[in-house]
Chemist: 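Here it is: the structure, laid out below.
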Amino acid sequence: MPVISRGFRGRRGEGPSDRIPPGQHRVDDFPVLSAGPTPHTPLEQWTFTIESGAEPVTWTWDEFRALPREEVTVDIHCVTKWSKLDTVWEGVSLDTLLGHVEHDASYLVAFCDGGYTTNLPLEHVTDGKAWVAYGYDGEPLEPEHGGPARLLVPHLYFWKSAKWIRGFRLQDEDEPGFWESNGYHLLGDPWQEQRYWGD
Amino acid sequence: MADERRLDGNAIGGLMLELFGVEMTTATGVCRTCGAADLVARLEVYMDAPGTIVRCAHCRAVLMRIVRAPERTWLDFSGLRSIELPR
Ligand SMILES: [Zn+2]
């Protein structure tokens, strides 16, 4: 059985109005946003790799699926202004993944099939704040939503939750990713409305 | 499916006209990655992401990234080696 966790929700009140960050509206469907064609990497070719100063650590799909998994129910917030409440995901926490690596890094850059990247401070993805998710709503994650696996960092705008993730690089310095290098905020906290550079 | 989200370069014609006052769909862009030269109208465009992404129709490399905020626009055309405009 997976560990059941309510996950990290950032600042959260009781009523839905307290769960919708400023400038956002609630949706019940799950919009698909794509910056390119959907990759279809066969599971037998899929790997997940953490690159750091030392030797990279790599899991095959089967090895990755054998890692301790968690089910989390979280609210997600897209910078295109929709928020979706109580989404249910299954995957491996970054605490578990980073536990396999010796490092003293402060940031990561997630890399993905299709060439997408996004940057995150490690303090924003540890202590139960981020997962690599392969299940959504009780089903395998569909390719159009980032399957076989996507990053899930629900307390930041959803462009940080990179679809089709294949691993991350641990770094000493923050390195802007695909959107962050052309206008989007380096961190992207929806409660601070950190949408664009300078917000 | 993703390919149903794909538009062609005509989708950015109005935006380019607004930003630069130039009819860009009849311009020719050269991909920095594979060297393919194509009319902008024939490039691949994705507009439902947090920004507008224009890709090479041959190698799928990102040619242009356009992000629009209410009072600012960011443009990255670094995937293009050149843009040839007809006079
Ligand atoms: Zn090309």
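In what follows, chains carry the letters A, B, and so on, assigned in the order in which the sequence lines appear, proteins first and then strands, with residues in each chain numbered from 1.
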Chemist: Is a donor from one side chain sitting under 3.5 angstrom from an acceptor on the other, for B/Arg5 and A/Thr38?
Modeler: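 Checked: B/Arg5/A/Thr38 side chains show no N/O donor-acceptor pair below 3.5 Å.
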
Chemist: With a 4.5 Å cut-off on side-chain heavy-atom distances among I, L, V, M, F, W and Y, is there a chain of contacts connecting A/Leu187 to A/Tyr157?
Modeler: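 Result: no, two separate clusters.
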
Chemist: Of all of B/Pro50, B/Ala61, B/Gly51, which one pairs up most often with chain A through heavy atoms under 4.5 Å apart?
Modeler: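 Winner by heavy-atom pair count: B/Pro50.
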
Chemist: Tell me, for B/Val54 versus chain A, whether the close heavy atoms (under 4.5 Å) come from the side chain, the backbone, both or neither.
Modeler: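 Neither part; nothing is under 4.5 Å.
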
Chemist: Considering residues, nucleotides and ligands other than A/Arg169, do more than 12 of their heavy atoms fall under 6.0 Å from its CZ?
Modeler: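 Atom CZ in A/Arg169 is packed in, count exceeds 12.
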
Chemist: Less than 4.0 angstrom from a charged side-chain N to a carboxylate O is my criterion; do A/Asp199 and B/Arg72 meet it?
Modeler: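 Judged by the 4.0 Å cut-off on N to carboxylate O distance, A/Asp199 and B/Arg72 do form a salt bridge.
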
Chemist: Could you tell me which portion of A/Phe178 (side chain, backbone, both or neither) has an atom closer than 4.5 angstrom to a non-hydrogen atom of chain B?
Modeler: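 Answer is both: backbone and side chain atoms of A/Phe178 are under 4.5 Å from chain B.
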
Chemist: Keeping the roles fixed (side chain from A/Asn182, backbone from B/Arg65), state whether a donor-acceptor pair exists under 3.5 Å.
Modeler: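 Yes, the answer is positive, given that a donor and an acceptor are paired below the 3.5 Å cut-off.
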
Chemist: Grouping I, L, V, M, F, W and Y whenever their side-chain heavy atoms are under 4.5 Å apart, do A/Val57 and A/Phe111 come out in a common cluster?
Modeler: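 A/Val57 does not cluster with A/Phe111.
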
Chemist: Taking the six-membered ring for Trp, are the ring centroids of A/Tyr196 and B/Trp74 within less than 6.0 Å of each other?
Modeler: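 Ring centroids of A/Tyr196 and B/Trp74 are less than 6.0 Å from each other.
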
Chemist: Do A/Leu120 and A/Phe158 land in one hydrophobic cluster if side-chain heavy atoms of ILVMFWY residues count as linked below 4.5 Å?
Modeler: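 No; tracing contacts between hydrophobic side chains, which count when under 4.5 Å, never links both residues.
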
Chemist: Quick one: does A/Trp179's side chain get under 4.5 Å of B/Ile53's, heavy atoms only?
Modeler: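 Yes; the side chains approach each other to less than 4.5 Å.
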
Chemist: Identify the heavy atoms of A/Ala35 and B/Arg55 that sit nearest to each other, and give their distance.
Modeler: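 Shortest heavy-atom contact: O-NE, 2.8 Å.
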
Chemist: Under 4.5 Å between side-chain heavy atoms, counting indirect links through other Ile/Leu/Val/Met/Phe/Trp/Tyr residues: same cluster for A/Trp89 and A/Phe64 or not?
Modeler: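 No, no single cluster joins them.
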
Chemist: Going hydrophobic residue to hydrophobic residue with side-chain gaps under 4.5 angstrom, can you get from A/Leu108 over to A/Leu67?
Modeler: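 Shared cluster, yes.
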
Chemist: How close do B/Asp48 and A/Leu33 get, counting heavy atoms only, and between which atoms?
Modeler: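 Shortest heavy-atom contact: O-CG, 2.8 Å.
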
Chemist: Do other residues, nucleotides or ligands put more than 12 heavy atoms under 6.0 Å from the CD atom of A/Glu44?
Modeler: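 Atom CD in A/Glu44 is crowded, with more than 12 foreign heavy atoms closer than 6.0 Å.
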
Chemist: With the side chain counted from C-beta on, respond yes when B/Arg6 and A/Pro37 share a heavy-atom pair under 4.5 Å apart, and no when they do not.
Modeler: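 Contact flag for B/Arg6/A/Pro37 side chains = no.
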
Chemist: Heavy-atom count check: over 12 atoms from other residues, nucleotides or ligands less than 6.0 Å from A/Asp104 CG?
Modeler: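 Counting neighbours around CG of A/Asp104, 12 or fewer heavy atoms of other residues, nucleotides or ligands fall under 6.0 Å, so no.
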
